[in-house]
Structures are given as C-alpha cells and as structure tokens.
Amino acid sequence: MNKRTHLIKPLLGMDYGVISHGKGIYLYDEEGNSFLDGCSGAVTANIGHGVSEITEAMVNQANQVSFVYRSQFTSSSAEELAERLAQSAPGDLDWVFFVNSGSEAMETALKIAIQYWQELGRPTKNKVISRWMSYHGITMGALSMSGHVIRRSRFTAMLEQYPTLSPPYCYRCTYKDHCPNCSKQYALEFEREVQRLGADTIAAFVCEPIIGAAGGAVVPPETYFKEMKAVCDRYDILFVADEVMTGIGRTGKMYAMEHWGVVPDILALGKGMSAGYTPMAATLVSDRIIQTIERGSKIVLSGHTFSANPLSASICLAVFNYIKKHNVVENAEKSGAILLRGLEYLKSIYPIIGDVRGRGLLTAIEFVQDPLTKEPFPLQNEVTNRFIRKCYEEGLLVYTAAGGLNGVAGDAVIVAPPLIIQEHEVQILLDKLNKGLTELVSELAAEGLYETRSIS
C-alpha cells in the first residue's frame, strides 16, 4: 500500500525509494540498498556524492551571508565564480549571467540574442533556428527551441516553431549517401532554411554540442560545427551552444565545443557547474554582445530572485576547485574511453544494441529490433523503461533518452557516471549493464516482443 504523500512525483501513484545518503559514485536508500549512480542523477552529480570540501564551503558561506538581491548588491563569491568561468571558457565568452537551472540559462540566451539585434537597430531578427532531436529545457521559451516531440506535444499550440533542421545523427544519417562529407549537406540544409525564412528575421542558431536526453549522446560528424558556424557568420546569425549537459568536464574537455575548435557567441551551463550540490546555472556571453548592450540600453532584460546567489556561487567555486585539484576532466576522458570500449563489447554480443556512442563520460546505448535494418521498437513496448528497471534491480541507475527518433519510436539510455569513477568501478558498472541486458532480452523474448539471435 502506498504511503500517503503530498509530493508531486514524476509518475503519480508510483512508489519511490527514499534516499538515505550518498558517497562517491554510490547512493544508498533507507532500506539499505546501494545504487551505482551510472547517470549522475540527471547527468548532474559530476563529482559524486558526499564530498566534504563542498559541504565545508556551504557552511562557511552560510555563516557569512546566504542571500543578497542582485539589483542591490554583488558578492565576492559571485564575482569570483564569474571570473573563473570567463577564464575557463573559450574565446571571448567573458561575461556571465547567473540563473537557477539549465532551462533558465537557455531562456536567458534566447532573450540576450534577440536583445542584441534590437540594440543594433535590427529588431526583425527575432527568430531562432534549432534542430529536431534536441532538448533545451522545460520552460516555454526553452521548450520552443527544443525538438523533442513528446515533451512538446501537450504545449504545441503555445510554442514557437523553432525546430526545423535535421539532427547530425550518424547512426541514422539524413545524408548517408554523402558520408563522410555529410556535414556540408547539413550546412546546406541550414542555409536553405535561412534563405526561406530570411536572414533578417533570424537571431540565432541553437544546438547541443552532443545531443543528450532527446537522443542519447549523439555525437556530430567531425566538421559539422565548423560548417554550421560558417553559415552563421555568412548570414549574421548568433551561434548559441547549449552546454547544460556537456559542460564542465563531462565529455573529457572543460567545454564540449572545444572538441571541434568552434567558439559560440553565447554558451549555456548548468548541471555539472554545481555538480548537483545547489541549483545554479549560467549563460556566458561574448564581449561584442555585452559591449553592444552597454553602448545602448545598458540593461540585460532578464533576472530571477536567486540569480547570482552567494551561497550557490560559493558552492560552485568549491566544485571548480575540486575539479582542478583532482584532475577530474582528465579522468573523464580516460575512464570514458574504457567505458566506451566496454559498451562496444556489449554491442558485439547483444544484437538488441544497435549503436553505442559518446564522448568522455557522456555515453549511450540505442536499442533496435533488428541491427541490420535498424528497425526501432514501438514505444508502447517500453524497452527503455524496462531496461532502466532491470538495471535498477541490479543496483545501477541509467537515464532515459526514449522517443527522440520521431516521437513514436526510439529507445536509448544514457550512461554517464560521475567524472570521478575509476577503472575498476567502470568494470562494475559494465557488469551490471550486462546483467540488465540479459534480463531485458529474456523478458522481451518471453513476451514475444523480440526474437533472440546471434551476431555473425
């Protein structure tokens, strides 16, 4: 019998375990069960759980001041965090606007992009171009930029129709006949859309460096971003990178865009910035954008009560210090390579795995009915949810990336453990995945939903 609750949970009527505590890459519930956090919660707990340096920073700041309002005061912790972010970011992303979540960071990016063109006397540039199979947040502006069919569906009438472009999805490439030169085809598609809509109406192009929850660690072709940035430059369109999931070391570099040597005009952060120890996110903005606004209205028209909160800023600073002290970004690259090799091995023995992919410790598994035709399972078979449950029973947490293919199909899970995971712990994670896969295949076969076969 369900215990009486007043908390609205993701699935009403479902019993959720109660977490007692966490330590390192593990979480422990009140029943004494342990769970290897194979997805860092929502790809957030980048340095693991129960880190004493972070809690010490919390207490120290709380003993000084926990809250000041940004229109009245600044704080040393917020100023220092902004400086650290500006120093670590690529190019001239030297200005930082603090918010509370990744959705807010993307809303702020959208507003700043549109305001920039207004300040330049070009107010018709007020649309955004984004991609299908993308997710930028659940608030209305961020959801308008998102190409996640399922998450848009209830609110479509209220949303802007920003997603128009094909995702650079190598496993199911839209321009497979042009590979490995498909990047040029994606850029041509972008350019055609700009010409159809009119460059004088478009403020920004928005993208995730690696597609996260909407597709599961979808990595673009090597020259994709250089080609897309060239179109932006040609038509005076700002390039906005959504690094809410990929930023702060997740992919084996501090910022995922560094993999391709492309510097965005605006960059959004969240999740790993605080490593889950406090709600905080940020929008990083280039010099030329802020200088334009400074010469004009002098006001960035955005803000929240808890923006630049000193307590949250001090926590994020402690996370930055921990990342540097313990070489966390380097470990993400090293452990990520081990994890991806392990996933490739699982793919070789389980035909239900169509693809494994990722960078650093942002990886994913995609499930298919047939590895030759790449035919997906119908969503009503709940393959992703079944696998998540099987892993849970093995004491492993993985993250859903279902339905991104077209809203009616596509099963994938993200495997993204804390960036502190060590080689022997990666092997434990892979063993648990292996057991979960065995149970998944057995259950689907018993129900006649999947025909077991071997890979020749």
Side-chain angles (χ1 to χ4, degrees), residues 40-47 54 57-58 61 67 69-70 74-75 77-90 93-113 134-146 204 206-210 212-213 240-251 254-257 264-286 289-290 300-320 322-323 362 416 419:
S40 305
V43 196
T44 301
N46 280 12
I47 64 172
I54 311 304
M58 291 181 187
Q61 183 63 51
F67 175 80
Y69 186 47
R70 59 185 292 271
T74 185
S75 68
S77 58
E79 294 286 349
E80 186 178 350
L81 179 59
E83 182 179 1
R84 293 284 289 276
L85 284 167
Q87 289 173 347
S88 69
L93 294 167
D94 292 338
W95 297 85
V96 182
F97 195 104
F98 289 118
V99 290
N100 309 295
S101 69
S103 296
E104 292 175 13
M106 286 304 296
E107 292 260 342
T108 300
L110 171 66
K111 291 175 179 176
I112 289 175
S134 65
Y135 183 59
H136 300 291
I138 202 65
T139 53
M140 298 307 281
L143 195 56
S144 284
M145 292 184 276
S146 302
V206 176
C207 62
E208 298 164 275
I210 297 174
V240 178
D242 179 352
E243 293 233 24
V244 171
M245 184 175 285
T246 58
I248 317 298
R250 171 55 62 182
T251 68
M254 198 64 174
Y255 300 91
M257 288 305 301
D265 300 295
I266 303 174
L267 185 150
L269 290 175
K271 293 183 182 287
M273 193 178 97
S274 73
Y277 285 87
T278 188
M280 199 173 200
T283 305
L284 278 59
V285 187
S286 71
I289 292 175
I290 294 300
V300 173
L301 290 172
S302 188
H304 304 270
T305 299
F306 290 98
S307 291
N309 177 265
L311 180 58
S312 290
S314 68
I315 293 167
C316 292
L317 276 172
V319 169
F320 264 75
Y322 184 94
I323 287 171
L362 179 59
L419 309 186

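The structure displayed is predicted, hence computed values, not measured ones.
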Engineer: Which distance, rounded to the nearest 0.5 Å, do you find between the NE2 of His304 and the CZ of Phe97?
Structural biologist: 6.5 Å
Engineer: Begin with the C-alpha distance, continue with both residues' side-chain angles, and end with the deciding distance and a verdict on side-chain contact (heavy atoms from CB on, under 4.5 Å) for Ile248 and Met254.
Structural biologist: CA-CA 5 Å; Ile248 317 298; Met254 198 64 174; 4.0 Å; yes
Engineer: Of all residues at least two apart in sequence or in a different chain, which pass the side-chain hydrogen bond (donor to acceptor under 3.5 Å, both in side chains) check with Glu80?
Structural biologist: none
Engineer: Keeping Glu79 on the side-chain end and Thr74 on the backbone end, is there a donor-acceptor pair under 3.5 Å?
Structural biologist: no
Engineer: State, to 0.1 Å, how close Met106 and Val206 come at their nearest heavy-atom pair, and which atoms those are.
Structural biologist: CE-CG1, 3.5 Å
Engineer: Between the main-chain N or O of Asn46 and the side-chain N or O of Ser40, is there a donor-acceptor pair closer than 3.5 Å?
Structural biologist: no
Engineer: By side-chain contact (heavy atoms from CB on, under 4.5 Å), which residues pair with Thr139, not counting sequence neighbours?
Structural biologist: Ser103, Glu107, Ala142
Engineer: Atom CD1 of Ile315 and atom CE of Met58: how far apart are they, to the nearest 0.5 Å?
Structural biologist: 4.0 Å
Engineer: Among residues at least two apart in sequence or on other chains, which ones pass ring pair (Phe, Tyr, Trp, His ring centres under 6.0 Å) with Phe67?
Structural biologist: Phe306
Engineer: How long is the span from the CG atom in Asp242 to the CD1 atom in Ile266, to the nearest 0.5 Å?
Structural biologist: 12.0 Å
Engineer: One pair to check against side-chain contact (heavy atoms from CB on, under 4.5 Å): Leu419 and Ile47. What are the steps and the verdict?
Structural biologist: CA-CA 6 Å; Leu419 309 186; Ile47 64 172; 6.0 Å; no
Engineer: So, for Leu269 and Gly247, which heavy atoms are closest and what is the spacing to 0.1 Å?
Structural biologist: CD2-CA, 3.9 Å
Engineer: Got a sec, which residues hit ring pair (Phe, Tyr, Trp, His ring centres under 6.0 Å) with Phe320, two or more places apart in sequence or on another chain?
Structural biologist: none
Engineer: Which distance, rounded to the nearest 0.5 Å, do you find between the OG of Ser286 and the CG of Asp94?
Structural biologist: 8.5 Å
Engineer: Among pairs that include at least one residue of residues 266-280, which meet side chain to side chain donor-acceptor pair (under 3.5 Å), considering only residues two or more places apart or in two chains?
Structural biologist: Thr278-Ser312
Engineer: Show the nearest heavy-atom pair for residues Thr305 and Tyr69, with the distance to one decimal.
Structural biologist: O-CD1, 3.9 Å
Engineer: Can you see which heavy atom on Met280 is nearest to which on Cys316, and at what distance?
Structural biologist: SD-SG, 3.6 Å
Engineer: State, with a plain yes or no, whether a side-chain heavy atom of Ile112 is found less than 4.5 Å away from one of Trp95.
Structural biologist: no
Engineer: Among all residues two or more places apart in sequence or in another chain, which pass the side-chain contact (heavy atoms from CB on, under 4.5 Å) test with Ala89?
Structural biologist: Leu93, Tyr255, Leu284
Engineer: Which atom names give the shortest non-hydrogen contact between Val43 and Ala416, and what distance separates them?
Structural biologist: CG1-CB, 4.0 Å
Engineer: Give the minimum heavy-atom separation between Val240 and Ala204, together with the two atoms involved.
Structural biologist: CG2-CB, 3.9 Å
Engineer: To the nearest 0.5 angstrom, please state how far the OG atom of Ser314 sits from the CG atom of Leu81.
Structural biologist: 9.5 Å
Engineer: Tell me, please, which residues at least two apart from Thr108 pass side-chain hydrogen bond (donor to acceptor under 3.5 Å, both in side chains).
Structural biologist: Ser302
Engineer: Listed by chain and number, what are the side-chain hydrogen bond (donor to acceptor under 3.5 Å, both in side chains) partners of Ser146, not counting sequence neighbours?
Structural biologist: none
Engineer: Tell me every residue that passes side-chain hydrogen bond (donor to acceptor under 3.5 Å, both in side chains) with Arg84, counting only those two or more places apart in sequence or in another chain.
Structural biologist: Asn321
Engineer: Applying side-chain contact (heavy atoms from CB on, under 4.5 Å), can you list everything that pairs with Ser134, at least two apart in sequence or on another chain?
Structural biologist: His136, Glu208
Engineer: Is the shortest heavy-atom distance from the side chain of Thr283 to the side chain of Phe98 under 4.5 Å?
Structural biologist: no
Engineer: Determine yes or no for a side-chain-to-main-chain donor-acceptor pair under 3.5 angstrom, with Arg250 supplying the side chain and Glu243 the backbone.
Structural biologist: no
Engineer: Can you list the residues that meet the side-chain contact (heavy atoms from CB on, under 4.5 Å) rule with Glu83, with sequence neighbours excluded?
Structural biologist: Gln87
